[in-house]
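What follows is one structure encoded as C-alpha cells, with my remarks underneath.
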Amino acid sequence: MEEKCGAGGEKRYALFGGTFDPVHTGHLRLAREFARRLRLDKVVLMPTYVPPHKRKASMAPAQDRLAMCRLAVGDDPLFAVSDLEIRRGGASFTADTLAALHEQEPDAVWYLLTGADMFLTLGTWNRFEQIARLAVLCAAPRDGVSLRELQECAQTLRERGARCAVEDIPEFRVSSTALRERLRAGTGAVHGLAAEGLLPEAVAEYVIGRKLYTGKGPVKTMQTDEQFTEIIRGRLTDKRFRHSLAVAEQAARLAPLYGADPQKARTAGILHDILKDEKPAALLQILRDFDIILDNAERVSPNLWHAIAGAAFIERVLHVDDPEIVAAVRYHTTGRAGMSPLEKTLFVADFTSADRKYDDVEEMRRLAEKGSAPAMEYGLAYTIRDLAERGLAIHPDAVYAYNELVAARLEGRTADGGKA
C-alpha cells in the first residue's frame with residue numbers, strides 16, 4: 001500500500017542505492033515496478049563507493065560499477081545514474097546522501113528503495129530520524145523476508161514518524177553474488193547470463209571487455225594513504241579530519257624514536273578515528289554487524305566504541321590486513337599491557353599531535369621526546385584520574401598498561417623486559 005505524501009503534481013523521485021556489483025536485470029525490474037506502483041517520475045541509481053557495514057571480500061572498482069549502471073539504463077527516461085557517493089569518496093551514509101539530493105531537488109518528494117533485509121534494520125541506521133524525514137521508506141518481499149514481516153516493521157517505523165510503502169512485488173530471482181560466481185567461469189558464462197535475461201547485454205559486453213570478476217582472489221582497491229585520506233575526509237567533520245592528519249604526522253615522526261615503522265604509523269594515524277563522528281547507535285549497530293561483544297566496562301563507555309568498531313571496520317571493510325595497524329587503532333584509547341612499538345607510537349601521537357590544546361599537553365610533548373614509556377605512563381595516569389574524577393568506568397586494559405609501566409620503572413627495566 002502506497003503511503004500518502006505531499007500534494008498532487010509534485011515530482012516523485014526515488015533513490016536506489018547499492019553496490020551494483022554488477023547491476024542486473026532484477027535491479028531494473030524492481031525499480032520499474034516500484035515506479036509503476038508509486039507513480040515515480042525518476043529512479044536514481046547510485047552505486048556506493050564503500051558499503052558502510054557490509055563485509056565484502058571483493059568488489060569491482062567504483063568507476064566500473066558506475067559505468068555498468070549507465071550502460072544498463074541506457075537512454076531510458078525513467079532512470080538517472082548518480083556518482084554522488086563515489087565522488088564523495090569513502091563510505092557514505094544514507095542520511096547524508098538524501099540531504100544532498102534534497103539540496104539538488106528541493107521540490108521533489110523522495111522515496112528510498114531498500115532491500116527487504118535492510119528495511120528490517122532501518123530503525124537502527126545512522127540518523128534514522130533524519131532519513132525518515134527526508135524520504136518515504138520502501139521495500140518489497142525478497143530473500144525469505146515475507147510481506148507480513150515488512151508490514152509489521154513498517155508499522156513500527158510509522159510509530160517513530162516514518163512514512164513507508166511496502167509493495168507485494170513478485171520476486172525475480174537473481175543476485176549479484178550468484179552472477180559473480182558464474183561470471184568467473186569466463187566469456188561463455190557472461191553471454192549465457194545475457195541470453196537468459198539476467199544481465200543486460202551492454203553490461204555483459206562491458207564485463208568481457210574489462211575482464212571483470214575473473215580474478216582468483218579478492219580485489220583490494222584501498223591500499224594507499226592517499227585513498228585512506230579521501231575515505232576519512234568523507235566520514236569526519238573538518239576538525240576531526242584535521243586531527244587525524246595531525247596524528248598521522250606526529251606518529252610518523254615519533255615512530256623511529258619508539259622503534260616502529262614510520263609508514264605504518266602514518267597509516268594508523270590517518271585511520272585511528274575513522275568512526276569517531278558516528279553516533280552511539282550507529283557504532284552499536286556496526287559492533288553487532290561484526291559480532292563484537294562488549295565487556296562491562298566497554299558497554300558503559302561509549303567513548304571507547306569508535307576504536308573497537310573502527311579496528312573491525314578497517315580490517316573487514318577497508319581490507320587493512322596488517323594486524324599491527326589494526327591493533328594500534330583498536331587500543332589507541334585505552335592502551336593495554338604488552339603493547340607493540342606501533343601501538344605505543346599511535347597512543348602517544350594521539351595525545352601530542354599539533355592540534356591538541358589540553359592543560360598538560362606541553363608536558364606530554366616533552367615526555368614524548370624522551371621515549372614512549374614516560375609519555376605513556378603520564379598519559380595513562382591523566383586518563384585514569386580524569387575518568388575517576390568524573391565517576392566513569394576505567395577500562396582494565398588502561399589499568400594493566402599503567403601498572404606494567406610503573407612496575408618496569410620501579411624495577412629499573414623497560415616495559416618489554418629489557419634494561420631501563
Side-chain angles (χ1 to χ4, degrees), residues 48-53 61-62 85-93 96 220-278 282-283 286 290 303-335 339-357 361 364-365 368 372 375 379:
T48 55
Y49 186 53
V50 179
H53 307 317
E85 292 192 354
I86 289 174
R87 283 187 288 106
R88 180 185 292 150
S92 293
F93 286 95
D96 298 322
K220 296 182 179 179
T221 60
M222 291 166 250
Q223 294 295 309
T224 70
D225 284 350
E226 289 78 8
Q227 289 169 311
F228 290 139
T229 298
E230 289 308 307
I231 289 169
I232 67 166
R233 190 195 303 275
R235 302 188 62 87
L236 302 177
T237 62
D238 288 343
K239 181 178 179 181
R240 186 68 57 187
F241 176 69
R242 291 193 298 272
H243 167 70
S244 297
L245 297 187
V247 171
E249 290 302 312
Q250 177 72 335
R253 193 183 68 79
L254 292 175
L257 179 64
Y258 296 173
D261 182 320
Q263 182 55 58
K264 289 185 180 183
R266 185 183 300 278
T267 301
I270 292 170
L271 295 173
H272 81 287
D273 270 352
I274 190 167
L275 297 185
K276 182 70 171 181
D277 286 332
E278 297 304 324
L283 290 172
I286 293 171
F290 292 139
N303 59 306
L304 303 181
W305 296 350
H306 75 283
I308 302 169
F313 187 91
I314 67 171
E315 180 180 22
R316 303 185 195 186
V317 175
L318 302 188
H319 306 298
V320 175
D321 57 5
D322 189 314
E324 282 192 285
I325 294 175
V326 174
V329 171
R330 168 65 179 81
Y331 295 104
H332 81 269
T333 54
T334 61
M339 292 175 78
S340 72
L342 182 62
E343 291 173 56
K344 296 173 184 177
T345 299
L346 181 60
F347 184 92
V348 176
D350 192 24
F351 263 94
T352 60
S353 59
D355 63 307
R356 291 295 197 187
K357 297 179 181 178
V361 67
M364 268 294 292
R365 287 172 179 151
S372 63

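Computed from heavy atoms alone, side chains included, the values below leave out hydrogens, waters and symmetry copies. Keep in mind that this is a model prediction, so the values were computed, not measured.
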Evaluation steps, salt bridge (Lys or Arg N to Asp or Glu O under 4.0 Å), between D350 and R356: CA-CA 8 Å; D350 192 24; R356 291 295 197 187; 3.0 Å; yes
Working for ring pair (Phe, Tyr, Trp, His ring centres under 6.0 Å), residues H306 and H272: CA-CA 9 Å; H306 75 283; H272 81 287; 7.8 Å; no
Interatomic spacing from OG1 in T334 to CD1 in I308 - rounded to 0.5 Å: 7.5 Å
Which atom of A246 lies closest to which atom of A354, heavy atoms considered: CB-N, 4.3 Å
Side chain to side chain contact (heavy atoms under 4.5 Å, CB included) between E278 and W305, intermediate numbers included: CA-CA 10 Å; E278 297 304 324; W305 296 350; over 6 Å; no
Salt-bridge contact R330-E343 (side-chain N to carboxylate O under 4.0 Å): no
For the student: nearest non-hydrogen atoms of F347 and Y331, plus distance: CD1-O, 4.1 Å
Gap separating the CG atom of L346 from the CZ atom of F351, nearest 0.5 angstrom: 11.5 Å
N/O donor-acceptor pair under 3.5 Å between Y258 side chain and A251 backbone: no
4.5 Å side-chain heavy-atom contact, E249 and R266: yes
Gap between atom CG of D322 and atom CG of L342 - 0.5 Å precision: 7.5 Å
Heavy-atom closest pair, residues V329 and A311: CG1-N, 3.8 Å
Charged N-O contact under 4.0 Å between D277 and R235: no
Stepwise side chain to side chain contact (heavy atoms under 4.5 Å, CB included) test for T333 and N303: CA-CA 9 Å; T333 54; N303 59 306; over 6 Å; no
Close side-chain approach of I231 to I270, heavy-atom, < 4.5 Å: no
Spatial distance of atom CG (D225) from atom OG1 (T267) [nearest 0.5 Å]: 3.5 Å
Heavy-atom closest pair, residues A255 and P262: CB-CA, 3.6 Å
Check: T224/Q227 side-chain N/O donor and acceptor closer than 3.5 Å: yes
Check: V247 main-chain N/O paired with Q250 side-chain donor or acceptor under 3.5 Å: no
Check: S353 main-chain N/O paired with R365 side-chain donor or acceptor under 3.5 Å: yes
Donor-acceptor pair, side chain of S372 and main chain of A368, under 3.5 angstrom: no
Interatomic distance, I325 atom CD1 to S340 atom OG [nearest 0.5 angstrom]: 10.5 Å
Separation of L236 CG from F241 CZ (nearest 0.5 Å): 8.0 Å
Side-chain donor or acceptor of D273 paired with backbone N/O of S244 under 3.5 Å: no
